[in-house]
Every structure is written in structure tokens, then in C-alpha cells.
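All figures in this text were calculated on a predicted structure; none of them were measured in a lab. So that the names make sense, note that chain A is the first sequence line, chain B the second, and so on, each numbered from 1.
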2 protein chains.
Amino acid sequence: MDQKQLQSLADFYKKQLLEDTVPFWFPRSYDEENGGYLLMRDADGSLLDTDKAVWIQGRACWLLATLYNTVEPRQEWLDGAKLGYDFLLNKCFDEHGKMYFHVDQEGTPLRMRRYFFSETFAVIAFAAYAKASGDPQAAKNARDLFGVCMEYAEGERKIEPKFENTRPTKGIGIPMIMINTAQQLRETIGDSRCDSAIEGWIKEIETNFVKDDIRCVMEQVALDGSIVDHIEGRTLNPGHAIEGAWFILHEALYRNKDPKLIDLGCRMLDYMWERGWDKEHGGILYFRDVYDKPVQEYWQDMKFWWPQNETIIATLLAYLVTKDEKYAEMHQQIHDYAYTHFHDKEHGEWFGYLHRDGKVAQPAKGNLFKGPFHLPRQEWYCWMTLTKFMKP
Amino acid sequence: MDQKQLQSLADFYKKQLLEDTVPFWFPRSYDEENGGYLLMRDADGSLLDTDKAVWIQGRACWLLATLYNTVEPRQEWLDGAKLGYDFLLNKCFDEHGKMYFHVDQEGTPLRMRRYFFSETFAVIAFAAYAKASGDPQAAKNARDLFGVCMEYAEGERKIEPKFENTRPTKGIGIPMIMINTAQQLRETIGDSRCDSAIEGWIKEIETNFVKDDIRCVMEQVALDGSIVDHIEGRTLNPGHAIEGAWFILHEALYRNKDPKLIDLGCRMLDYMWERGWDKEHGGILYFRDVYDKPVQEYWQDMKFWWPQNETIIATLLAYLVTKDEKYAEMHQQIHDYAYTHFHDKEHGEWFGYLHRDGKVAQPAKGNLFKGPFHLPRQEWYCWMTLTKFMKP
């Protein structure tokens, strides 16, 4: 890609973010009465449900504060971020400090789940809001909650297990989310724990999840890193592993283009593009079996929005750090597929759920699992990163 | 349908059951070494996983014992049922008498879940095996475990809740499974608790789940029977409600064609056929929204095998008890759709998971959720019921 192409791509992502994606969600989703955001919306933006998904409350707060921190200090975004910050802080924790998964409009709890992703998204929300507001208490809350997440991730703080201990496994999700959470914390308010923690989690992924001999990144493995040859153990999540790839490429950039990390991130991207790209219809498939056996999860060959977002970022970043035209071509393929099939030209934003053949399966823009995160993060990250690389 | 058509349909189901479906699974699935069955199989019957799903171990044991009791006293089936009975009894209960959901080949537990469907399927397995073997201990075990299920269903025995108590709901699944479990118990070894219990659960469904004003059967409701207008509360499961419809029609037959129960079962079938039948591609869709809003569950518009099986039974039974040709036509539609799209002409049995347009999404015949139950039960039940109705 030449400078002109890079500039045109940066302009495209900026325009999509600020004139299409963000205006779909805001200001109409601010819940001025109860705090937080009303994000469960149909294709046209009408409200499907007043409930609040705690993951997505955190992610939306992060987005608003990040726009304020990095795009422009628009008061609406700061006020909007504060709505989410206060709601998360005051409504989404139980009496033991564990965060809920699903609450109602007023913040009354509906469901607690046995993992700590609500907490990781609250960390990045608190950290970004702390930077935007300058509130030292928000910074302290972000750091304290990051400490809690570290304890969960290291097993020092226990969560009731969903499985017996017969065949213990570990997932790539924990090191991945911890890398990203630490990166966000470091880039907003800074935290001396982040560098070495990130180092350790990347090592964990490289050692236990990346299988060069079969060109694969496993989604879960036995505690010693071996493949668990049962249906669940064989199940790959290419879009997720590709998200992990760009977290590592992002770290490579932070470390002055560390060639080892560039190589690791690009290997992960290469392997899981081979596994996940649908050669027949385009787009990244949801699940695959490591040995190409049938996948049990029902939606295994659907196209969801977020694996495409993560692959758009990963291929662009791989291109920018390596200048290998292979990645520019992959980026163009996934970009064209995604904006052709997912983008709602009528109402803005993206549909979330396509059939394998690219038809829209259901048109909601927001629900318990989808909200203003993967798409606006992709558009924001690509725009910002292109801008950084185009600097003379 | 005239007598000749009924006979030809009975012959078809008998032939499919005994020459296609059952031979796909047995004898190859008997685990002579560890007990139980190896049922997680690919399209061609090769083994995908040695793990055992406790629901399906119970269902397969029920099937084998039922074939022995009602088709012919084939020693293979009795020996096969004993493999499952012993495995369930000796391997699938924890120290508190709660049954696991998922165990490995040897029966070492992998996962406990927070509901009691493993128990209900063990009741029908134990009861059918008790009748087949004449073993009084098996009969006692069936009755004792049915008592445990009654305590769970009535809330006297507690299961750790998955949700906070903010917006309590109840599902149609509990009264439905209890009706069928009690019917099976009554028809194998008899139990004096069954008649009045079934009466109560049917009343519960009629009063709280069947909504004549909007021609709908709800999958879940608030404790007072009102509709919970949030995404999950609005989600309908037409194939499941249609299964409930035929349990009630079956009860109508038992009670000398009770006209009130025939009317209730036919209303439930009518309403949910209207909601679930795919007018564009044929077949029963998985989930629908009561107000036609987008459904959140990812596989909502896929075609799964079991809703088709339950609808084949329900439409046939509705026809046989009412002689209304409308139901004969519905039966022909669903029968033709299902045997055209789901039946694997090469290897036998049915695929489980089709895209909305009827293409096979993944070809496994068995996994954690699919095994020898809905299809062979449908073929067996339709054959037996047709035979009963053709008697002079």
C-alpha cells in the first residue's frame, strides 16, 4: 500500500467511526435516569430490552472515555463515560466484590457468572475514565480491580469451577484478556505491574497454545499444553486467536518492533487465517475442529461480526509492522467482505449474525453479547494506527 | 388417510427404525469394557469422542429396554439395556445422589449441571429396564428416583439457582418432562403417584403457559404466568411446545380420548405450528420471538432434528385422535421435509443440524446433545400408535 492508500483507509475508518458507528449508539443510549447505557437495540435502533449486560456497560464506558482521550475532548463523551463509570461502580458489584454479568435497567442483579470478564472490562473502563476525568479515585479503582483480576488469573482468588477436576484444561482467553487489560491500563494511567505480567502471559500463549507443528493456535489445552483429544478440546476459535495475534503485535510495537513478538503474532495470524477463512463464501468462520472433525457448537459455521473486526485489525497491523504485501491483500479481503456483508447501509452500524453464506440471520445491533465495542474499537484502532504509521 | 395409507406409514416407520436407525447405533455402541454406550459418532459411524453424555446414556438404555418390551424380546437388547442401567447406577451419581451431566468413558465425572434432566431420563431407563428384566431392585430404583425428581420439580429439593431472584421465572420444560417421565413409569411398571401428578402438571401448562389470546405457548413465564417482556422471556421454542402438545394428546388417549385434553393438545400444536413452521423452506425453526423481534440465541433459525421428530409425532397423533384431515396434511408436510433433508441415505440415521435453507451444517450423528432418542422414539411411537389405531 502506498501513502495515498493508507491515508484513504485511515479516512474511511475515521468516517465510519464518527459518522456511522458512534452516532448509532449515542446519544440515544445514555440512561440519564438510572445511569449506564441502554444498548439492546434492533436494526433501526429501537430498544429491544432495557436490561444491561455488564461486560458491555464496561466496554461502552471504555469507548466513550477513549474517544475523549484520543479523538477530541468532547464534553458529551466525558459525561457519557461518567454515566457508565458510576453505574459499574455502584450497581454491578456484589457484596464480596465480584461483578455481575447481567443486571436490569435500575442495576438490580439478574445473573452472576463463574468467570471474571466483567471485571476486566471494568478495569479498562475505569482506567480510560480516570485519564479522561483526572479523578484519582477512578485510577485507584482501576488499579485495585486489575489486582483482583491478576489474582483470578493466577488462581489465587478462586471462582467456583464449572467442571470436575477429572480432565483439567486451561483456555487462551485468560492470558489474552489479561494482556489487553494490562495494555489498556498502561496506556491510560500507567501501572508498573503491566510490563512483566504481559511478558508472562505472552510466554504462556507461545509455550502452551501455539502449535507450530500443526500450524494452529489452540483455544484450550491440558495444563501441560497438550491437546485434549475430545470434542471441546479440539474446538478452535480462529477469530479469537487472531485477536490474540494482534494483542501480541501491539506489544511488539510497544517494544520497538520486537522481532520475536512480530514473528509470534504473524504466525498466529497465519495459522488461524488458514483455519478460519471461508474459502467458499469469505469471512472468518466461528469454530473449527483442529482435526477437521464436526464441531459441536451449533453456530460453528456462522459469521459473527467480531471475528471479522479482530481480523481487520490483525491483518492491517501485520502489514504495517512487516510491510509484507501478503497481509495487505488479506486485509483487503476481510475488509471488503465485512463492510459488504455486515454493514447496515440503511441504519448504520453492523449486523452481528450472518449465516455462512452471508445472509443476515437476525438483525439486532445490540443484545446481551453485542454492543458498541468490537466494531468501534476496530475503526478507532485502525484509524489511530494508520495515522501513527503515516507520520513522517 | 385410509387404512392402506396408515398401514404403509406404519410399515415405513417400522422399517426405518429396525433397518436404518437402530442398526446405525447398535451393536457397535455397546461399551462392553466400561459399561454404557459410546454414542458420539460421525456421519459414517466412526467415533468422535469416547465421552458419555448422561442424558443420552439414560435415553439409549430406555430405547433398548423399550424395544425389548414392545417390539420383540431380543436378548441383545436386554443385554444392551443392562449395560446402560449398570453404568447409570454405578457411575453417574455423586455422593449426594445428584446425577452428573457428562462423564468420561470409564464413568469418571466431568461435569455436573444445575438441573435434573439426567435424573428424569434415568427414571425412564430404570423403569423400562425393570420391566424388561423383571428385576425388582431396578423398579425400586426407578420409583425412588422419580420421587427425587418430584421433589426437585416441586421445589422441595433445591438446586443452586443460575439466576438472582430479581425477576423469577419458570419454564415449561419441568412440567413437560415430568408428564412424560410419569407416563413412561406408569406404562412400564406402574406407579400410583402418576395420574394425579400428570393432572397437576397439565393444569400448570394450560393455566400458565398456553396463551389463547395471542395463539401461543410460552417457553417461560413469570411465576404468575404473565409474559416477561425481555429477550429471554419472549423467546419461544416451537418444537419443544409441540413435544408438550403430544405428551398431552398421549394423556388424552390414556383417558379414553378426553375431549378437553384433545382440545388442549391440538391448540398447542396449532399455535406453535403457526409460529414455528418455516413457510419459506419448510421444517420447524428452533426459536422465535413472541412479538417477532430478533431472537438472541445464535442458532435460532437453524433446523435441528428433534423439533421435526416431535412435530411428526404430534401431527400424526392429532390426526389419529381427531381424524381432522388438516393434521394429516401437516403430518405429510413435516414428514416429507424431514425425511428428505435430515435422513442420511448413505450411512443411515439423521443429520442433526441443518441451516435454515436445509443444507447440512455439520454431519455428526452423536455428540453431547444428540444420540439415539428423538428419532428412534418418533419411529417407534408412530409405528406403535398407528398399529393401535388400525386394530379393528
Side-chain angles (χ1 to χ4, degrees), chain A residues 40-43 46 48-51 94 100-106 108-114 160-167 229-234 286-287 289 291 293-302 304 351-353 355-357 359-365 367-370, chain B residues 40-43 46 48-51 94 100-106 108-114 160-167 229-234 286-287 289 291 293-302 304 351-353 355-357 359-365 367-370:
Chain A
M40 297 189 178
R41 295 188 179 275
D42 207 343
S46 60
L48 285 172
D49 198 324
T50 53
D51 283 354
D94 77 359
Y100 291 104
F101 173 73
H102 184 182
V103 301
D104 74 7
Q105 181 168 7
E106 288 79 34
T108 315
L110 291 165
R111 190 172 187 189
M112 175 66 81
R113 296 200 73 172
R114 290 175 282 181
E160 194 198 338
K162 293 173 83 161
F163 295 87
E164 307 295 314
N165 206 30
T166 300
R167 192 195 290 157
D229 192 3
H230 291 275
I231 291 172
E232 290 189 359
R234 290 196 303 261
Y286 203 105
F287 289 116
D289 182 279
Y291 304 132
K293 294 184 179 180
V295 178
Q296 180 168 278
E297 294 291 350
Y298 308 146
W299 60 96
Q300 43 95 22
D301 71 351
M302 288 178 71
F304 279 35
F351 301 112
Y353 308 93
H355 295 142
R356 181 172 173 196
D357 65 10
K359 284 202 205 77
V360 175
Q362 66 102 327
K365 299 283 169 58
N367 58 31
L368 196 53
F369 308 106
K370 183 176 187 295
Chain B
M40 296 188 178
R41 294 186 179 277
D42 207 343
S46 60
L48 285 171
D49 198 324
T50 54
D51 284 353
D94 77 359
Y100 290 105
F101 173 73
H102 184 184
V103 301
D104 74 6
Q105 181 168 8
E106 289 78 33
T108 314
L110 292 166
R111 189 172 186 189
M112 175 67 80
R113 296 200 72 173
R114 290 174 281 181
E160 194 199 338
K162 293 173 83 161
F163 294 88
E164 306 296 313
N165 206 30
T166 299
R167 191 194 290 157
D229 192 4
H230 292 275
I231 290 171
E232 290 190 358
R234 290 197 303 261
Y286 203 104
F287 289 117
D289 183 278
Y291 304 131
K293 294 184 179 181
V295 178
Q296 179 169 279
E297 294 291 350
Y298 308 146
W299 61 97
Q300 43 95 22
D301 72 350
M302 288 178 70
F304 278 35
F351 301 112
Y353 308 91
H355 295 142
R356 182 173 171 195
D357 65 9
K359 285 202 205 78
V360 175
Q362 66 102 327
K365 300 284 170 57
N367 57 32
L368 195 55
F369 308 106
K370 183 176 187 292

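Checked by atom type and distance alone, the side chain of B:Asp49 pairs as donor or acceptor with a backbone atom of A:Ile231 at under 3.5 Å. A donor-acceptor pair under 3.5 Å is formed between the side chain of A:Gln300 and the backbone N or O of B:Ala361. Between the side chain of A:Thr108 and the main chain of B:Thr166, no donor-acceptor pair closer than 3.5 Å is present.
Under the 6.0 Å cut-off for aromatic ring centres, A:Tyr298 and B:Tyr298 do not qualify, their centroids lying 6.0 Å or more apart.
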field: Worked verdict on A:Arg111 versus B:Glu164 for side chain to side chain contact (heavy atoms under 4.5 Å, CB included)
entry: CA-CA 6 Å; A:Arg111 190 172 187 189; B:Glu164 306 296 313; 5.8 Å; no
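Atom-to-atom distance recorded for A:Leu110:CG and B:Arg167:CZ is 4.5 Å, nearest 0.5 angstrom. A distance of 9.0 Å separates CG of B:Leu48 from CD of A:Gln296, quoted to the nearest 0.5 Å.
Counting heavy-atom pairs closer than 4.5 Å to chain A, the top-ranked of the candidates B:Arg114, B:Lys162, B:Arg113 is B:Arg114. When B:Pro363, B:Pro161, B:Pro109, B:Ala364 are compared by the number of non-hydrogen pairs under 4.5 Å with chain A, B:Pro109 comes out ahead. Considering only heavy-atom pairs separated by less than 4.5 Å from chain A, the leading option among B:Met302, B:His102, B:Glu160, B:Lys293 is B:Glu160. Chosen from A:Glu297, A:Arg234, A:Lys359, the residue pairing most often with chain B at heavy-atom distances under 4.5 Å is A:Arg234.
Contact of B:Tyr353 with chain A is made through the side chain alone, with heavy-atom distances under 4.5 Å. In this structure, chain B has no heavy atom under 4.5 Å from any part of A:Gln105. In this structure, chain B has a heavy atom under 4.5 Å from the side chain of A:Asp301, while its backbone stays farther away. Only the side chain of A:Tyr100 has a heavy atom closer than 4.5 Å to any heavy atom of chain B. With a 4.5 angstrom heavy-atom cutoff, A:Phe304 touches chain B only via side-chain atoms. Contacts between B:Met112 and chain A at a heavy-atom distance below 4.5 Å involve backbone atoms as well as side-chain atoms.
The two atoms that bring A:Val295 and B:Gln362 nearest to each other are O-NE2, 2.9 Å, heavy atoms only.
Counted by atom type alone, B:His355 and A:Asp357 present zero donor-acceptor pairs between their side chains at under 3.5 Å.
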